[in-house]
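Quick notes on the structure that follows.
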Amino acid sequence: MPDTPAVAPEPSGEVTAGDTGGSRDRPPGWEPVARAVVPETERDPGYGSGLPISAVWQTEPPPPAPSSRWAPLYHSGYGGGVQSAPPEPPEPPDRREPYAPPERRDRYAPPDRTAPPDQQVHPGQQAPPPSRGTRHRRPVETQPPAPGSAAPARDQLPIRPTRSGASPDTLLIRRTLAEIAPVADKTTSYFYALLFIRHPDLRSLFPVAMDVQRDRLFKALLTAAEHADDTATLTEYLSHLGRGHRKYGTLPEHYPAVGECLIAALTRFASDTWSEATEAAWVRVYTTVSQIMIDAAAEDERSSPAWWQAEVVGHELRTRDIAVVTVRPEEPYPFLAGQYTSLETPWWPRIWRNYSFSSAPRSDGLLSFHVKAIPAGWVSNALVHHARPGDVLRLGPPAGSMIVDHTTDNGLLCLGGGTGIAPIKALVEDVAEHGRRRPVEVFYGARHDDDLYDIDTMLGLQRSHPWLSVRPVVSDGPTRRLSGQLTHIVREYGPWPAYDAYLSGPPGMIRSGVDTLVGIGIPSHRIRHDGIEELTTSSTGRG
Ligand SMILES: NC(=O)C1=CN([C@@H]2O[C@H](COP(=O)(O)OP(=O)(O)OC[C@H]3O[C@@H](n4cnc5c(N)ncnc54)[C@H](O)[C@@H]3O)[C@@H](O)[C@H]2O)C=CC1
């Protein structure tokens with residue numbers, strides 16, 4: 001097994017015909033576009049820095065320049081690294097046939113051959129409820145425990161907080177991360193090259209273009225390190241991550257492979273701070289991290305599929321670049337108004353994008369999304385310009401906590417910017433269905449009059465519900481409606497003492513919206529929005 005990968009992976013964000021991703025998963029007829037740039041996901045799409053926005057909906061900005069790879073892990077943006085105009089996304093093939101029915105990967109763990117036969121779980125069989133503390137696999141094999149000893153379980157970890165509050169393991173991990181920060185790009189490239197050379201079977205789980213993936217790994221590491229001593233927060237974050245990994249086909253046995261290559265990459269690039277103690281700390285922490293993810297995925301598997309197939313049944317082009325796409329999931333899809341899902345198209349396998357549901361759950365089970373095609377947005381362009389009824393998409397599990405609090409009679413102050421109006425509409429429908437009269441004030445922001453693509457629907461809702469008020473606000477162009485920045489207008493109409501706030505839209509709008517609302521006295525715990533993970537919310541104290 002070579003220590004140094006013989007083949008370095010492609011530079012970030014670029015795919016060439018020779019990419020090791022192989023062509024077997026590309027849609028038929030698709031010819032790789034030489035050095036096509038693939039958009040990022042899960043990035044703060046820009047408008048300056050500030051809050052880390054991690055869940056991104058229609059936003060698929062182009063990748064930052066390689067030199068800015070590290071800095072934007074949390075706060076990336078158009079201003080942070082893009083140095084040239086984003087290219088057009090390649091044309092997706094004219095694919096009309098649905099996915100070949102994929103083998104349903106809803107068996108998270110292989111049958112446990114060590115269990116007595118009557119307790120073994122086989123593919124397709126309902127797993128029995130886990131006994132407390134069930135462990136599927138020992139995740140890290142880089143430093144096998146002494147014969148006869150078990151791998152450290154997370155509740156056995158020696159967390160001994162120092163006077164600074166961080167445990168010794170956390171301090172060692174942070175030291176490593178600080179050392180590799182300037183060479184994070186190289187470290188992740190090396191890590192993935194090693195992973196795919198040692199475990200070529202894992203390559204097919206990853207997207208063809210690996211740039212986003214690289215950032216994700218380090219973002220996860222940073223987050224885990226930052227919260228290593230906060231068990232509750234860490235467990236929540238990692239459980240979400242573990243459940244989310246089911247749709248990629250991640251299996252428990254993949255974790256040791258990743259751990260082994262991670263340690264190898266860190267050993268090489270954090271040589272100044274690396275020591276036996278550091279390695280032991282990484283093994284312990286990685287073991288904990290992967291075990292939490294494995295357990296969460298295994299538990300989730302008992303009640304949910306890894307993904308849902310959904311057929312496009314409606315496609316309405318509202319403007320040149322915005323479509324309302326409606327799908328029918330093949331199995332019931334449970335979610336709450338205000339949540340979002342991840343979505344994969346047949347044209348770009350393994351590239352997932354987040355989209356908010358634009359309606360509350362419907363009795364016919366249909367789901368709708370508002371999709372804006374953005375420059376270099378492969379998925380969004382495919383959905384807006386190529387998807388047609390009959391196409392089959394895949395949905396990940398629902399996510400997000402921007403849901404209506406039905407335990408209070410407070411009014412709802414809703415700010416929806418651009419396609420961010422989609423989940424706001426879902427929230428309004430939710431309040432309507434719930435039957436309790438609460439004032440709902442919607443401020444619907446757009447840059448130009450023409451961009452208010454859903455204003456008729458929103459005004460229709462206003463006509464039906466006397467408790468609802470909808471105010472369109474145009475920021476950049478001439479208008480006979482309210483004119484100015486959405487947040488300024490909201491402040492003018494304030495001070496909103498008995499309201500809970502819901503914000504949805506571009507990250508910059510959410511940031512300035514939160515600042516404005518906190519500034520006029522709405523406590524941060526009564527301000528809800530997506531895109532800032534539970535973790536970062538708690539670390540920034542912004543609610
Ligand atoms: N759950 C959520 O939070 C959702 C968020 N989105 C996001 O909403 C965005 C929609 O994009 P577009 O329709 O192109 O919106 P846009 O760029 O046209 O802006 C919409 C509104 O937000 C305001 N705005 C934009 N940037 C601002 C800033 N930095 N500070 C203050 N106000 C700002 C604009 O003035 C306008 O009123 C995407 O980034 C998408 O990812 C979309 C759906 C759901």
Side-chain angles (χ1 to χ4, degrees), residues 39-51 53-61 76-79 318-325 335-343 353-359 368-375 377 379-380 383-384 398-403 414-427 442-455 471-477 479 481-491 501-517 527-533:
E40 300 277 325
T41 53
E42 307 256 325
R43 286 181 164 282
D44 174 348
Y47 310 109
S49 65
L51 297 176
I53 306 287
S54 61
V56 175
W57 293 263
Q58 288 90 328
T59 304
E60 301 166 80
S76 69
Y78 282 124
R318 290 281 184 87
T319 70
R320 215 159 33 101
D321 55 4
I322 296 178
V324 176
V325 180
F335 72 101
L336 297 170
Q339 287 193 301
Y340 61 90
T341 186
S342 47
L343 194 155
R353 295 289 185 266
N354 293 338
Y355 291 95
S356 290
F357 302 104
S358 63
S359 294
S368 292
F369 310 98
H370 296 181
V371 185
K372 181 170 186 175
I374 60 167
V379 173
S380 63
L383 285 170
V384 170
S401 55
M402 194 182 65
I403 55 179
C414 301
L415 278 63
T419 49
I421 197 64
I424 300 295
K425 174 176 162 279
L427 295 177
V442 173
F443 289 83
Y444 177 7
R447 292 187 186 272
H448 303 98
D449 259 347
D450 292 351
D451 298 327
L452 291 163
Y453 68 92
D454 212 28
I455 190 63
R471 295 189 184 89
V473 180
V474 171
S475 59
D476 293 12
T479 183
R481 306 181 191 272
L482 291 169
S483 174
Q485 285 298 321
L486 189 60
T487 47
H488 296 169
I489 302 281
V490 169
R491 186 170 44 210
Y502 294 80
L503 287 79
S504 164
M509 187 215 92
I510 293 182
R511 286 189 199 104
S512 61
V514 169
D515 288 347
T516 301
L517 297 177
I527 301 175
R528 295 185 178 205
H529 53 83
D530 279 329
I532 297 173
E533 287 169 326

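Indexing begins at 1, ligand by ligand and atom by atom, following the structure's order.
- Minimum interatomic distance between Ile424 and Cys414 (heavy atoms only, all atoms of both residues): CG2-CB, 3.6 Å.
- Here the shortest heavy-atom distance to atom 7 (C) of ligand 1, taken over Gly420, Gly505, Ser380, belongs to Gly505.
- Taking every non-hydrogen atom of Gly418 and a distance limit under 4.0 Å, the qualifying atoms of ligand 1 come out as 13 (O), 15 (O), 20 (C), 21 (C).
- A search for ring-ring contact (aromatic ring centres under 6.0 Å, His included) contacts involving Phe443 returns Tyr493, Trp496, not counting sequence neighbours.
- Closest of all the heavy-atom pairs between Gly338 and Leu427 is CA-CD2, 3.8 Å.
- In Arg511, neither the side chain nor the backbone holds a heavy atom less than 4.0 Å from any atom of ligand 1.
- Checked against a 6.0 Å centroid threshold, the rings of Tyr340 and Tyr355 do not count as neighbours.
- Applying the ring-ring contact (aromatic ring centres under 6.0 Å, His included) rule to Tyr444 yields no partners; only residues at least two apart in sequence or on another chain are considered.
- When side chains are defined from C-beta on, Leu517 counts as touching Val490, because their heavy atoms get closer than 4.5 Å.
- The minimum heavy-atom distance between Met509 and Thr487, with the atom names listed, is O-CG2, 4.2 Å.
- The shortest N or O to N or O distance between Leu486 and ligand 1 is not under 3.5 Å.
- Counting all heavy atoms, side chain and backbone alike, Ile510 lies closest to Asp530 at CD1-O, 4.1 Å.
- Atoms of ligand 1 found under 4.0 Å from any heavy atom of Ser356, numbered from 1 in the order shown, are 1 (N), 44 (C).
- Between atom 17 (O) of ligand 1 and the options His448, Arg447, Gln485, His529, the minimum heavy-atom separation is to Arg447.
- Annotation: Asp476 places no N or O atom under 3.5 Å from an N or O atom of ligand 1; distance criterion only.
- Heavy atoms of Pro423 found under 4.0 angstrom from ligand 1 belong exclusively to the side chain.
- No side-chain donor-acceptor contact under 3.5 Å links Arg481 to the backbone of Pro472.
- Ligand-side atoms of ligand 1 in range of Gly445: 20 (C), 21 (C), 36 (C), 37 (O), range being under 4.0 angstrom from any heavy atom.
- Residue-ligand proximity, Ser512 to ligand 1, at heavy-atom distances under 4.0 Å covers atoms 30 (N), 31 (C).
- Here is the list of ligand 1 atoms found below 4.0 Å of a heavy atom in Lys372: 12 (P), 13 (O), 14 (O).
- Both the backbone and the side chain of Pro506 come within 4.0 Å of ligand 1, counting heavy atoms alone.
- Of all the heavy atoms of Ala422, none lies under 4.0 Å from any atom of ligand 1, so neither backbone nor side chain is involved.
- Taking a 4.0 Å cut-off on heavy atoms, Thr419 registers as neighbouring ligand 1.
- At a heavy-atom distance under 4.0 Å, only side-chain atoms of Asp530, from C-beta outward, approach ligand 1.
- Scanning all heavy atoms of the two residues, the minimum distance from Asp449 to Val474 falls at OD1-CG2, 3.4 Å.
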